[in-house]
Amino acid sequence: MATKSTVEVDGRRLALSNLDKVLYPETGFTKGEVIDYYARIASVLLPHIAGRPMSFKRFPDGVEGQGFFAKNAPRGTPEWVRTVRLPAPGSSMDRETVDYVVIDDLPTLIWAANLAALEMHVPQWTVGPRGAVREADLIVFDLDPGAPATIVECSRVAVMVRDALAADGLSAYPKTSGSKGMQVYAAVKPVSSERTSHYAHELAKRLESEHPDLVVSRMTKDLRGGKVFVDWSQNNGAKTTVAPYSLRARPKHSVSTPLTWDEVTGCRRPEHLQFLAGDTLDRVEKHGDLFEPLLAKKRPPLP
């Protein structure tokens with residue numbers, strides 16, 4: 001692939017650069033291949049990030065170089081890229097507002113990939129067509145294993161989360177984090193992030209009390225050895241979670257990949273649930289979008 005190229009994507013002209021640059025040295029995966037992956041996965045990725053203010057994790061010098069989170073639209077952002085101005089999250093930023101990019105279409109996705117925005121993180125809420133902030137329509141449980149626990153133990157806890165959600169009338173959908181752990185999502189009728197956070201926290205505490213040898217709901221890191229931390233806090237309105245089908249900035253070009261529950265219950269070794277970009281594309285061809293039910297307009301209420 002040439003190192004530079006000008007392409008037209010759905011009527012937008014994009015100048016792509018440094019296409020031969022290796023961004024994943026361990027596997028030789030290049031920037032051009034990153035862009036190609038996002039172009040090919042777009043049909044299933046875009047519905048899950050559309051309308052959600054985007055936080056990028058950019059690695060212009062590859063995953064072994066210095067990476068950084070980018071929330072504010074960078075200088076030189078094309079005028080056709082949708083942005084939405086919102087209050088800056090938390091108190092750590094040195095600005096009052098952030099101009100978030102919202103990726104609603106393929107040209108914007110390819111533009112972002114060309115920035116070496118390897119990871120794409122979104123909140124559990126959306127914005128309307130004029131930028132009004134809507135209530136949360138997803139609830140997420142991020143399952144983070146503390147060594148020597150692995151995604152195998154996360155799988156056991158994921159089933160517990162699934163069953164607890166089912167008892168409350170909610171359907172659960174799992175995906176790998178693309179790193180060490182796993183996430184479990186459920187669609188809910190829009191409700192405040194405070195409500196989803198409280199519900200998730202109470203469920204996590206209940207699982208910890210019932211399975212203290214395996215589950216921890218508290219954020220103290222020295223409690224996590226050999227256990228799975230059920231991180232409920234990513235339902236906070238100021239926080240984000242890696243999007244389904246996003247690449248991860250790991251040594252290999254791994255992807256946060258939706259799973260079947262049979263795969264979760266059958267996981268016996270970590271490598272059973274590790275997928276690179278090509279694997280995920282093959283899985284979409286075979287299974288379609290396993291997260292598609294989360295897009296349904298009719299959503300059950302949060303108890």
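Between the side chain of Glu153 and the main chain of Thr150, a donor-acceptor pair closer than 3.5 Å is present. When atom types are taken as modelled, the side chain of Tyr38 and the backbone of Leu247 share a donor-acceptor pair closer than 3.5 angstrom. Under a 3.5 Å cut-off, the side chain of Arg162 and the backbone N or O of Pro174 do not form any donor-acceptor pair. A donor-acceptor pair under 3.5 Å is formed between the side chain of Ser197 and the backbone N or O of Asn236. Although no hydrogens or angles enter the test, the distance criterion places no donor-acceptor pair under 3.5 Å between the side chain of Ser246 and the main chain of Ala243. Formation of a donor-acceptor pair under 3.5 Å by the Thr196 side chain with backbone atoms of Ser193 is found in this model. A distance-only check finds no donor-acceptor pair linking the side chain of Ser254 to the backbone of Leu276 [under 3.5 Å].
Connection of Leu290 to Leu295 is not established within any shared hydrophobic cluster, with ILVMFWY side chains joined at heavy-atom distances below 4.5 Å, either directly or through further cluster members. Clustering ILVMFWY residues whenever any of their side-chain heavy atoms sit less than 4.5 angstrom apart, transitively, puts Trp261 in a cluster other than the one holding Val140. By the rule that hydrophobic residues join a cluster once side-chain heavy atoms approach within less than 4.5 Å of another member, Phe59 and Leu19 end up as members of one cluster. Trp111 is connected to Ile49 through a chain of hydrophobic side-chain contacts under 4.5 Å among Ile, Leu, Val, Met, Phe, Trp and Tyr, so both are in one cluster. A single hydrophobic cluster is seen to contain both Val230 and Leu302, as judged by linkage of ILVMFWY side chains at heavy-atom distances under 4.5 Å, directly or through other members.
For the side chain to side chain contact (heavy atoms under 4.5 Å, CB included) test, residues two or more places apart in sequence or in another chain that qualify with Ala186 are Ile139, Leu165, Leu170. Under the side chain to side chain donor-acceptor pair (under 3.5 Å) criterion, Gln183 pairs with Asp142, Lys175, sequence neighbours left out. Scanning for side chain to side chain contact (heavy atoms under 4.5 Å, CB included) contacts around Glu271 gives Arg269, Gln274, with sequence neighbours left out. Considering only residues two or more places apart in sequence or on other chains, Glu202 meets the side chain to side chain donor-acceptor pair (under 3.5 Å) condition with Lys205. Partners of Thr108 by side chain to side chain donor-acceptor pair (under 3.5 Å), not counting sequence neighbours, listed by chain and number: Asp105. When the side chain to side chain donor-acceptor pair (under 3.5 Å) test is applied to Asp289, the partners found at least two apart in sequence or on another chain are His48, Tyr245.
Here Asp61 pairs with Lys21 in a salt bridge; the nearest charged N to carboxylate O distance falls below 4.0 Å.
Side-chain contact between Pro25 and Val63: present, with at least one pair of heavy atoms (C-beta onward) separated by less than 4.5 Å. Ile110 has its side chain within reach of Leu16: a pair of non-hydrogen atoms, C-beta onward, lies under 4.5 Å apart. Taking the side chain as every heavy atom from C-beta outward, Ile35 and Asn114 approach each other to under 4.5 Å. Residues Leu23 and His253 form no side-chain contact, since every pair of their non-hydrogen atoms from C-beta on lies 4.5 Å or further apart. Annotation: side chain of Phe291 is not in contact with side chain of Pro47 (no heavy-atom distance under 4.5 Å). Ile41 places a side-chain heavy atom less than 4.5 Å from the side chain of Val284. Considering only heavy atoms from C-beta on, Val152 comes within 4.5 Å of Pro270 through its side chain. Residues Pro53 and Val127 meet the side-chain proximity criterion, which asks for heavy atoms closer than 4.5 Å.
Rounding to the nearest 0.5 Å places SG of Cys267 at 13.0 Å from CG of Asp262. Of the inter-residue distances, the one linking Lys31 atom NZ with Ser17 atom OG reads 3.5 Å to the nearest 0.5 angstrom. A distance of 7.5 Å separates CG of Leu203 from CG of Asp168, quoted to the nearest 0.5 Å. In this structure, CG in Asp104 is found 8.5 Å from CG in Leu46, a value given to the nearest 0.5 Å. Atoms CD and CG, on Glu8 and Asp10 in that order, are 9.0 Å from each other to the nearest 0.5 Å. Of the inter-residue distances, the one linking Arg82 atom CZ with Met54 atom CE reads 12.0 Å to the nearest 0.5 angstrom.
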Before giving the answer on side chain to side chain contact (heavy atoms under 4.5 Å, CB included), spell out for Val215 and Val228 the whole-Å C-alpha distance, their side-chain angles and the decisive distance to 0.1 Å. CA-CA 5 Å; Val215 177; Val228 175; 5.5 Å; no
Could you walk me through whether Phe29 and Val22 pass side chain to side chain contact (heavy atoms under 4.5 Å, CB included), step by step? CA-CA 6 Å; Phe29 205 66; Val22 174; over 6 Å; no
For Arg12 and Leu106, what are the C-alpha separation, side-chain angles and deciding distance, and is it a side chain to side chain contact (heavy atoms under 4.5 Å, CB included)? CA-CA 10 Å; Arg12 305 292 189 188; Leu106 181 59; over 6 Å; no
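For the residue pair Asn235 and Tyr199, no side-chain donor N or O sits within less than 3.5 Å of a side-chain acceptor on the partner. Using a 3.5 Å distance cut-off with no hydrogens or angles, the side chains of Thr257 and Thr280 do pair a donor with an acceptor. Side chain to side chain, Gln234 and Thr241 meet the donor-acceptor criterion of an N or O pair below 3.5 Å.
Among all heavy-atom pairs drawn from Val84 and Gly131, the shortest one is CG2-CA, 3.6 Å. Looking at every heavy atom in both residues, Ser177 comes nearest to Ser256 through O-CB, 3.6 Å. Taking each heavy atom of Met182 and Ser155 in turn, the nearest pair found is CE-OG, 3.4 Å. Taking every heavy atom of both residues into account, Asp99 and Asn72 meet most closely at N-OD1, 2.7 Å. Looking at every heavy atom in both residues, Val184 comes nearest to Ala158 through CG2-CB, 3.8 Å. Counting all heavy atoms, side chain and backbone alike, Tyr37 lies closest to Ala277 at CD1-CB, 3.5 Å.
In this structure, Arg85 fails the cation-pi test against Tyr100, since its NZ or CZ atom is not both closer than 6.0 Å to the six-membered ring centre and inside 45 degrees of the ring normal.
Remark: His287 NE2 is packed, more than 12 non-hydrogen atoms of other residues, nucleotides or ligands lying under 6.0 Å away. Around CD of Glu285, the count of heavy atoms belonging to other residues, nucleotides or ligands within 6.0 Å does not exceed 12.
Sequence neighbours left out, the pairs with a member in residues 38-59 that pass salt bridge (Lys or Arg N to Asp or Glu O under 4.0 Å) are Asp36-Arg40, Arg52-Asp137. Screening residues 217-245 for salt bridge (Lys or Arg N to Asp or Glu O under 4.0 Å) gives Asp144-Arg224, Glu208-Arg218 as the qualifying pairs, with residues at least two apart or on separate chains. Judged as a salt bridge (Lys or Arg N to Asp or Glu O under 4.0 Å), the pairs with a partner in residues 240-254 (not counting sequence neighbours) are, in order, Glu119-Arg248. Among residue pairs with one or both ends in residues 143-180, none qualify as ring pair (Phe, Tyr, Trp, His ring centres under 6.0 Å); sequence neighbours excluded. Residue pairs meeting the ring pair (Phe, Tyr, Trp, His ring centres under 6.0 Å) criterion with at least one partner in residues 116-172, sequence neighbours excluded, are Phe69-His121.
Alongside Met219, the hydrophobic cluster contains Val216, Leu223, Phe229, Trp232 (criterion: ILVMFWY side chains under 4.5 Å).
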